[in-house]
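Note that the numbering runs from 1 along the sequence shown for the chain. Note that ligands are numbered from 1 as they come in the structure, with each ligand's atoms numbered from 1 the same way.
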Amino acid sequence: MSVALVTGASRGIGRVIAENLAAAGYDVAICYSGNEEAALETIELCKKYGVQSIAIKADVSNADDVAEMFAQVKTSLGTVDVLVNNAGITKDGLLIRMSEEDFDKVIDINLKGTYLCTKAAVKDMMRAKKGRIINITSIVGVQGNAGQANYAASKAGIIGFTKSVAREYGSKGITVNAVAPGFIQTAMTDGLPDAVKENYLKQIPLGRFGTPEDIANTVAFLASEKASYITGQVIEVTGGM
Ligand code: NAP
């Protein structure tokens, strides 16, 4: 049985990624930052597929938490074969009003969290001579977005990180790719004003917002044997946005 770890999988896109990997037969570990009830719901959804699933409270931007999380996954399920760096936050605002604290927080969780978890996973993957790392970036990291300079910088950073790590570990049988969602209906986007949502919708040729399933299907493909010759890529899942 192979093991997948999905960060930030108590809800939203991460939850559905975890479910899809469970459906594909992976034992699934998930992490969350505070929402234990939602995390326990996710692992129950995964267990319906007859696999093992555990939830771990960990802040991906904290090196000690990440080390402890990987140790727990190893003890309970085994070494991680598929890592999905999905945990992410926004703290939007125009640059002139963006506090240093809000800038640092977004970079720490989105970008440094991806670095810490990838570094922890790569060691065992090198020993196993196989592994899949899938980083959730954003179309905003490709195109930029007014009011999201911190978020866009973190997500653009993830793209550079993905391409570099793919080059470093390709010879060890490890693939590293990024998925760049467009506008996906989750708690992260639910709070936006209707006028903002309508404006985004006008920019989507396929005429609908994305769902967590749209992203989870792409992640499941990248984790599968069918994607074994793809590395260092950014797959945009945006409805053409
Ligand atoms: P969401 O619904 O807000 O869920 C965020 C998840 O991240 C939750 O499970 C949360 O845990 C966890 N999390 C937050 N801070 C964390 C930390 N420090 N350590 C560990 N886990 C943490 O977000 P989403 O919309 O599903 O987004 C998932 C990913 O997709 C993010 O990287 C986001 O940037 C990216 N994305 C989303 C969209 C979109 O339109 N929604 C578009 C492009 C990219 P708790 O439940 O415990 O708080």
Participant: With salt bridge (Lys or Arg N to Asp or Glu O under 4.0 Å) as the test, would you mind laying out the steps for Arg132 and Asp81 before giving the verdict?
Facilitator: CA-CA 6 Å; Arg132 295 291 161 88; Asp81 302 287; over 6 Å; no
Participant: Which is closest to atom 41 (N) of ligand 1 in terms of heavy atoms, Ile215, Thr90, Val179, Thr186?
Facilitator: Thr186
Participant: I'd like to know if Lys57 contacts ligand 1, where contact means a heavy-atom distance under 4.0 Å to any ligand atom.
Facilitator: no
Participant: Regarding ligand 1, does Ile13 bring an N or O atom to under 3.5 Å of one of the ligand's N or O atoms?
Facilitator: yes
Participant: Between Asn35 and ligand 1, does any nitrogen or oxygen pair lie at a separation below 3.5 Å?
Facilitator: yes
Participant: Quick one: look up the protein heavy atom nearest atom 12 (C) of ligand 1 and list residue, atom name and how far away it is.
Facilitator: Gly8 CA, 3.5 Å
Participant: Could you tell me whether Lys155 approaches ligand 1 through its side chain, its backbone, both or neither, with non-hydrogen atoms closer than 4.0 Å?
Facilitator: side chain
Participant: Would you mind listing which atoms of ligand 1 come within a distance below 4.0 Å of any non-hydrogen atom of Ser138?
Facilitator: 43 (C), 44 (C)
Participant: Who's the nearest protein heavy-atom neighbour of atom 8 (C) of ligand 1, and how far?
Facilitator: Ser10 OG, 3.5 Å
Participant: Students should be able to answer this: which protein heavy-atom is nearest to atom 21 (N) of ligand 1, and at what distance?
Facilitator: Ala87 CB, 3.6 Å
Participant: For Ala58, is the nearest heavy atom under 4.0 Å from an atom of ligand 1?
Facilitator: yes
Participant: To check your reading of the model: name the closest protein heavy atom to atom 4 (O) of ligand 1, its residue, and the distance in Å.
Facilitator: Arg11 NH1, 3.7 Å
Participant: For Phe209 and ligand 1, answer yes if some heavy atom of the residue is under 4.0 Å from a ligand atom, otherwise no.
Facilitator: no
Participant: List the atom of Pro205, the atom of Gly239, and the distance in Å for their closest heavy-atom pair.
Facilitator: CD-O, 3.2 Å
Participant: Between the side chains of Lys105 and Asp108, is the shortest nitrogen-to-carboxylate-oxygen separation below 4.0 Å, so that they form an ion pair?
Facilitator: no
Participant: Tell me whether ligand 1 is touched by Ala9 - counting only heavy atoms on the residue side and a distance under 4.0 Å.
Facilitator: yes
Participant: Please step through salt bridge (Lys or Arg N to Asp or Glu O under 4.0 Å) for the pair Lys57 and Asp65, ending with a clear verdict.
Facilitator: CA-CA 8 Å; Lys57 184 174 191 283; Asp65 278 16; over 6 Å; no
Participant: Fit a plane to each ring of Phe183 and Tyr200, take the angle between them on a 0 to 90° scale, and name the class: parallel (under 30°), tilted (30 to 60°) or perpendicular (over 60°).
Facilitator: tilted
Participant: Just go through Asn86, Thr42, Asp59, Val16 and tell me whose heavy atom is the nearest to atom 32 (O) of ligand 1.
Facilitator: Asn86
Participant: Using the side-chain contact (heavy atoms from CB on, under 4.5 Å) rule, pick out the option among Val16, Ile136, Ile17, Asn20 that qualifies with Val6.
Facilitator: Ile17
Participant: Could an N or O of ligand 1 be found under 3.5 Å from any N or O of Gly34, whether backbone or side chain?
Facilitator: yes
Participant: So, Thr42 side chain and Ala38 main chain: donor-acceptor pair closer than 3.5 Å or not?
Facilitator: yes
Participant: Report yes if Ile109 has an N/O atom closer than 3.5 Å to an N/O atom of ligand 1; otherwise report no.
Facilitator: no
Participant: Where do Cys117 and Thr7 come nearest, in terms of heavy atoms and distance?
Facilitator: SG-CG2, 4.1 Å
Participant: So which protein heavy atom does atom 23 (O) of ligand 1 come closest to, and at what separation?
Facilitator: Met188 CE, 3.8 Å
Participant: Would the number of heavy atoms belonging to other residues, nucleotides or ligands and lying under 6.0 Å from NZ of Lys47 be above 12?
Facilitator: yes
Participant: Considering only heavy atoms of Ile89, which atoms of ligand 1 have at least one such atom less than 4.0 Å away?
Facilitator: 14 (C), 15 (N)
Participant: Is it the case that ligand 1 has an N or O less than 3.5 angstrom from some N or O of Ser61?
Facilitator: no
Participant: For atom 19 (N) of ligand 1, grab the closest protein heavy atom and report residue, atom and distance to one decimal in Å.
Facilitator: Val60 N, 3.1 Å
Participant: List ligand 1 atoms under 4.0 Å from Gly12, heavy atoms only on the residue side.
Facilitator: 2 (O), 26 (O)
Participant: What protein heavy atom lies closest to atom 13 (N) of ligand 1? Include the residue and the distance to one decimal.
Facilitator: Ser33 OG, 3.9 Å
Participant: Any idea which protein heavy atom is nearest atom 40 (O) of ligand 1, and the distance to it?
Facilitator: Ile184 N, 2.8 Å
Participant: Under a 4.5 Å side-chain heavy-atom rule over Ile, Leu, Val, Met, Phe, Trp and Tyr, are Tyr169 and Met125 clustered together?
Facilitator: yes
Participant: If hydrogens are left out, which of Thr137, Ile30, Ile136 has an atom nearest to atom 44 (C) of ligand 1, that is, the closest non-hydrogen atom?
Facilitator: Thr137
Participant: Check this for me: does any side-chain nitrogen of one of Arg208 and Asp214 sit under 4.0 Å from a carboxylate oxygen of the other?
Facilitator: yes
Participant: When you measure from the side chain of Ser154 to the backbone N and O of Asn110, does any donor-acceptor pair fall under 3.5 Å?
Facilitator: no
Participant: Are Phe221 and Val82 connected in the hydrophobic side-chain network, where two residues link if heavy atoms are under 4.5 Å apart?
Facilitator: yes
Participant: Among Phe183, Tyr151, Tyr32, Tyr200, which one has a heavy atom closest to atom 35 (C) of ligand 1?
Facilitator: Tyr151
Participant: Any heavy atom of Ala39 closer to ligand 1 than 4.0 angstrom?
Facilitator: no
Participant: For ligand 1, which atoms, with element, lie under 4.0 Å from some heavy atom of Thr189?
Facilitator: 39 (C), 40 (O), 41 (N)
Participant: Strictly by modelled atom types, are Thr114 and Asn135 linked by a side-chain donor-acceptor pair under 3.5 Å?
Facilitator: no
Participant: Are Glu41 and Arg15 ion-paired here, with the side-chain N under 4.0 Å from a carboxylate O?
Facilitator: yes
Participant: Where do Val179 and Val237 come nearest, in terms of heavy atoms and distance?
Facilitator: CG1-CG2, 3.9 Å
Participant: Applying a strict 4.0 Å limit to heavy atoms, is Thr7 in contact with ligand 1?
Facilitator: no
Participant: Would a hydrophobic clustering, with Ile, Leu, Val, Met, Phe, Trp and Tyr connected at side-chain separations under 4.5 Å, put Val84 with Val3?
Facilitator: no
Participant: With respect to atom 5 (C) of ligand 1, which of Cys31, Gly88, Gly14 exhibits the smallest heavy-atom separation?
Facilitator: Gly88
